[in-house]
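These values consider heavy atoms only, across backbone and side chains, with no hydrogens, waters or symmetry-generated copies. By convention in this document, chain letters (A, B, ...) are assigned in the order of the sequence lines, proteins followed by strands, and residues within each chain are numbered from 1.
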Protein chains: 2
Amino acid sequence: MDRMDDDAANPLPGPRAGAGRVTAAMVAREAGVSTATVSLVVSGKAQGRISAANREKVQAAVERLGYVVDTAGSTLSKGFSPVVVLVATDIANPFYAELISEARAALGDRYELLLSVGGPRRQIDAASIRKLLSLRPAGFLIDAPNAELVAALPSGTRAVLLDAPGLQGGLPSVNLDVADGAAQLALHLADQGHRRVGYLDSTIDAATFRVRRDAFRDTAAELGIEVLDGAASLTDIDAAAETFTEAWPGWDAAGVTAVVGCTDTHAYGVLGAAAEAGVAVPGRLAVAGFDDLPYSRHTSPPLTSVSLPSGELGSAAGRTLRALIEGGSPVTEHVEVPSRLVARASTAAVQGATD
Amino acid sequence: MDRMDDDAANPLPGPRAGAGRVTAAMVAREAGVSTATVSLVVSGKAQGRISAANREKVQAAVERLGYVVDTAGSTLSKGFSPVVVLVATDIANPFYAELISEARAALGDRYELLLSVGGPRRQIDAASIRKLLSLRPAGFLIDAPNAELVAALPSGTRAVLLDAPGLQGGLPSVNLDVADGAAQLALHLADQGHRRVGYLDSTIDAATFRVRRDAFRDTAAELGIEVLDGAASLTDIDAAAETFTEAWPGWDAAGVTAVVGCTDTHAYGVLGAAAEAGVAVPGRLAVAGFDDLPYSRHTSPPLTSVSLPSGELGSAAGRTLRALIEGGSPVTEHVEVPSRLVARASTAAVQGATD
DNA sequence: CTGAAAGCGCTTACAG
DNA sequence: CTGAAAGCGCTTACAG
């Protein structure tokens, strides 16, 4: 805006770009001090090291020139950048929206959030970790990993695991108590008299999905419910609908009266496919999911779901990572965020809604 | 995994971190060549400059040591990093999920996507741009900006604008034809006989929302429809529901028979609040939105919406930016992605669904 | 309290 | 075809 006006002569950054860039050396010259002094002042380490007079001169020069510390230079020198990498396999799930913005907020202004979008078909492996490591990130936030991914992290990597039940491996973690939520759901379905339940799993290999399924199945078994699993799809309404449509005839024949999706998005697919097939929900079939997305109160019928507070997860993870980075100490904290069943009309005993 | 085992002695990276890091110098030593040769080979510039023998030696050494070029070093030297910054105000909107992953895919393996999450209350300004610029990004992807944000970009910045109708300002852009979609929606509502329509706008200041509203209002006016605007909320179901609830008595009194939300999420809020208030949709009130999110086919009733293909938007933007970065030439391309009305039951003339 | 200098890891003219 | 060397911008002991 300001001093870029006459730069237009060279709008295409040449090989050694940097036109228009204000460096610490320029600030030093402007303030009549050394670059060491500039660095100390700008990084807030001037306390008792730089005279008030010089501090002010530097600050004024910084202001005047619009100086911002260059990340490449400081990263090279300090050994780590201000970037925090969030590794998530499946950000298509709206579950991540709030997680991301809360993590961002908890991290504070000193860090930038880099999203490493694996994509459902391209799970993060050791090679991608190595590539990310070359960015010298200040830390990692790793959501819903599997054991392989955790093993690929070099020891000493500053990382916080999110929603990684059973995978701590010496790293701080923030977990959702999905097992408890799954058990609550099994209990709820047992209460409604269901005896055979279909389970629509994820095709993504992550510990959290395994725990959801196993905890549900185990509690269900104790309550005399048989769980039919084996069906799985991506976190995608249409894929889930298709998978349900394929599984339904078999489940129907087996006497299934309820279907649980491993995410709400899976459950939406079931809801849609059931409507299409003329299977009344909850009259003929009860449906439930995990996440309790904002949409789930508004589906038809409103969806019963295990509430997983993604915002809290992101926020706790951001805070923990920041403590890890700034404290420097080997914080091995394990936060557990509770989950809780939200019963709505999609699993109501009769046609009347409970919601 | 490999050579980190005995690093455990110093798990907390000291001041001059880098323990366990493989550098080009180490590769050079291993291969018996200079770092210049390593750099040339690794960056694929060996063609006709490095002997086949040396090329192979370097490749073998890289393999053996697990060398990855350090970003900080190469950024400092080249002037730009492999990071592409996506600036988006409101990633809570599921609209972004597909946009992000498609943009990521189009960018290819050479770039990382950094998400700059402004958050609805913290819009990106000149200072944040300066901070992002200090990362020396290879380029910017800027979604739904306002004029101020575009003006804050120093000339010469490699950037592609997304969904920024009327804001090109010399930058390549990928736009959704939201005006056309808005006009189609107005036409559709006129067809159904509506004469007074409430418009639920966004509180976010972005050109795309202004264009949606104005295009809708203008076409509606030509068709003899009066549009009542002034209501606005964030892209949040509950906030939208609340805003609708406040606006409804006035709109009702004024004879409003249809409400348009500037996003589907706004429309979901209207749907929820209308159900709560016992206002029949579409019987008493027609409802429509913009985005055509995957959920919109599954709301009750299914939502009429102007389809905005976010995946295409992200993919086209990623491709354009890549061309801009790699071509180096001043590409000033303007891609326009069409939008199209998807009519569903929420605006059906009678109680029967069209879907 | 302050500055000169080394060093972080890379890339790229340059000289051979 | 190859290597020695300069330089990108910063931070941090170190000497004063």
How long is the line joining [atom1] of [X] and [atom2] of [N], in whole Å?
| X | N | atom1 | atom2 | answer |
| --- | --- | --- | --- | --- |
| Arg29(B) | dG3(D) | CZ | P | 14 Å |
| Lys57(A) | dG3(C) | NZ | C1' | 13 Å |
| Phe80(A) | dG9(C) | CZ | C1' | 17 Å |
| Leu133(A) | dG9(C) | CG | C1' | 15 Å |
| Met26(A) | dC10(D) | CE | P | 10 Å |
| Leu40(A) | dT2(C) | CG | P | 10 Å |
| Glu56(B) | dT2(D) | CD | P | 12 Å |
| Lys78(A) | dA13(D) | NZ | P | 13 Å |

With a 3.5 Å limit on both atom pairs, tell me what dA4(D) is paired to, counting Watson-Crick and G-U wobble, or say none.
none
Under-4.0 Å side-chain N/O to phosphate OP1/OP2 contact, [X] with [N]:
| X | N | answer |
| --- | --- | --- |
| Ser74(A) | dC10(D) | no |
| Thr37(A) | dG3(C) | yes |
| Ser51(B) | dT2(D) | yes |
| Ser34(B) | dA4(D) | no |

Kindly point out which of [options] is positioned nearest to the side chain of [X]?
| X | options | result |
| --- | --- | --- |
| Leu76(A) | dC10(D), dC8(C), dC10(C) | dC8(C) |
| Arg136(A) | dC8(C), dT11(D), dC10(D) | dC8(C) |
| Ser77(A) | dG9(C), dC10(D), dT11(C) | dC10(D) |
| Tyr67(B) | dC1(D), dG9(D), dC10(C) | dC10(C) |

If the threshold is 4.0 Å, N to carboxylate O, is there a salt bridge linking Glu326(A) and Arg110(A)?
yes
Strictly below 4.0 Å, N to O, side chains only: are Glu30(B) and Lys57(B) in salt-bridge contact?
no
What nucleic acid atoms does [X] come within less than 4.0 Å of, heavy atoms only: base, sugar-phosphate, or nothing?
| X | answer |
| --- | --- |
| Val33(B) | sugar-phosphate |
| Ala36(B) | base |
| Val69(A) | sugar-phosphate |

Testing the 3.5 Å rule here: is there a donor-acceptor pair between the side chains of Ser134(B) and Thr71(A)?
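Yes, side-chain donor-acceptor contact under 3.5 Å.
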Side chains of Ser315(B) and Arg319(B): do they bring a donor and an acceptor to under 3.5 Å?
yes
Heavy-atom side-chain proximity of Pro145(B) to Leu161(B) below 4.5 angstrom:
yes
Determine yes or no for a side-chain-to-main-chain donor-acceptor pair under 3.5 angstrom, with Arg130(B) supplying the side chain and Tyr67(A) the backbone.
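No, Arg130(B) side chain to Tyr67(A) backbone: no donor-acceptor pair under 3.5 Å.
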Could you check Arg49(A) against Ser39(A) and say which one's nearest nucleotide on DNA chain D is further toward the 5' end?
Ser39(A)
Quick check on DNA chain C: between Val38(B) and Asn54(A), whose nearest nucleotide comes earlier from the 5' end?
Asn54(A)
Taking for each residue the nucleotide of DNA chain C bearing the nearest heavy atom, is the 5' side occupied by Ile50(A) or by Asp70(B)?
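Nearer the 5' end of the strand: Ile50(A).
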